[in-house]
Amino acid sequence: MDNSTTTNHPETGQATEQARETVQKAANTAATYGSRAADHYVKEPAQDLFSLAKSYAKDHPDVAACWAFAFGVVVGWKIKP
């Protein structure tokens with residue numbers, strides 16, 4: 001067995017602490033970028049879809065009413081006891 005891996009050096013503790021800090025910084029940075037990406041790629045397209053639906057309903061109120069009625073019938077039929 002190699003004895004060099006089990007010996008304790010004063011520098012090892014400091015290096016371990018630096019490694020932990022570096023990993024923590026990387027994790028925080030990844031979480032920040034992940035949150036920003038989620039806001040951009042989920043929130044904005046959802047807003048775009050709702051704005052498209054609103055503008056379509058303003059242009060074609062009869063078709064939008066038929067779709068809303070059909071959706072209500074299907075949902076009501078599925079949740080009835």
Side-chain angles (χ1 to χ4, degrees):
M1 269 198 179
D2 186 16
N3 198 15
S4 64
T5 58
T6 59
T7 58
N8 292 329
H9 295 291
E11 298 87 23
T12 305
Q14 187 178 18
T16 304
E17 190 61 35
Q18 284 179 331
R20 283 188 184 130
E21 289 175 6
T22 303
V23 169
Q24 188 63 36
K25 285 180 187 178
N28 289 337
T29 303
T32 301
Y33 285 123
S35 175
R36 288 180 187 166
D39 285 344
H40 178 71
Y41 289 111
V42 174
K43 193 176 186 180
E44 289 182 14
Q47 289 174 346
D48 290 344
L49 288 175
F50 285 122
S51 66
L52 285 173
K54 283 181 184 179
S55 66
Y56 183 81
K58 285 180 184 178
D59 294 340
H60 304 95
D62 52 344
V63 176
C66 288
W67 275 105
F69 178 75
F71 181 73
V73 167
V74 169
V75 169
W77 174 52
K78 289 293 183 180
I79 64 171
K80 93 177 170 182

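Count residues from 1 along the sequence.
Cluster partners of Phe69, using a side-chain heavy-atom cutoff of under 4.5 Å among ILVMFWY residues and allowing indirect links, are Val73. Other residues sharing a hydrophobic cluster with Val74 under the 4.5 Å side-chain heavy-atom criterion for ILVMFWY residues do not exist; the residue is a singleton.
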Side chains of residues 20-28: which donor-acceptor pairs under 3.5 Å do they make with residues two or more places apart or in other chains?
from	atom 1	to	atom 2	distance (Å)
Thr22	OG1	Gln18	O	2.8
Gln24	NE2	Asn28	OD1	3.4
Asn28	ND2	Gln24	O	3.4

Ignoring hydrogens and angles, write down the donor-acceptor pairs under 3.5 Å from the side chains of residues 54-68, residues two or more places apart or on other chains.
from	atom 1	to	atom 2	distance (Å)
Ser55	OG	Ser51	O	3.3
Ser55	OG	Leu52	O	2.9

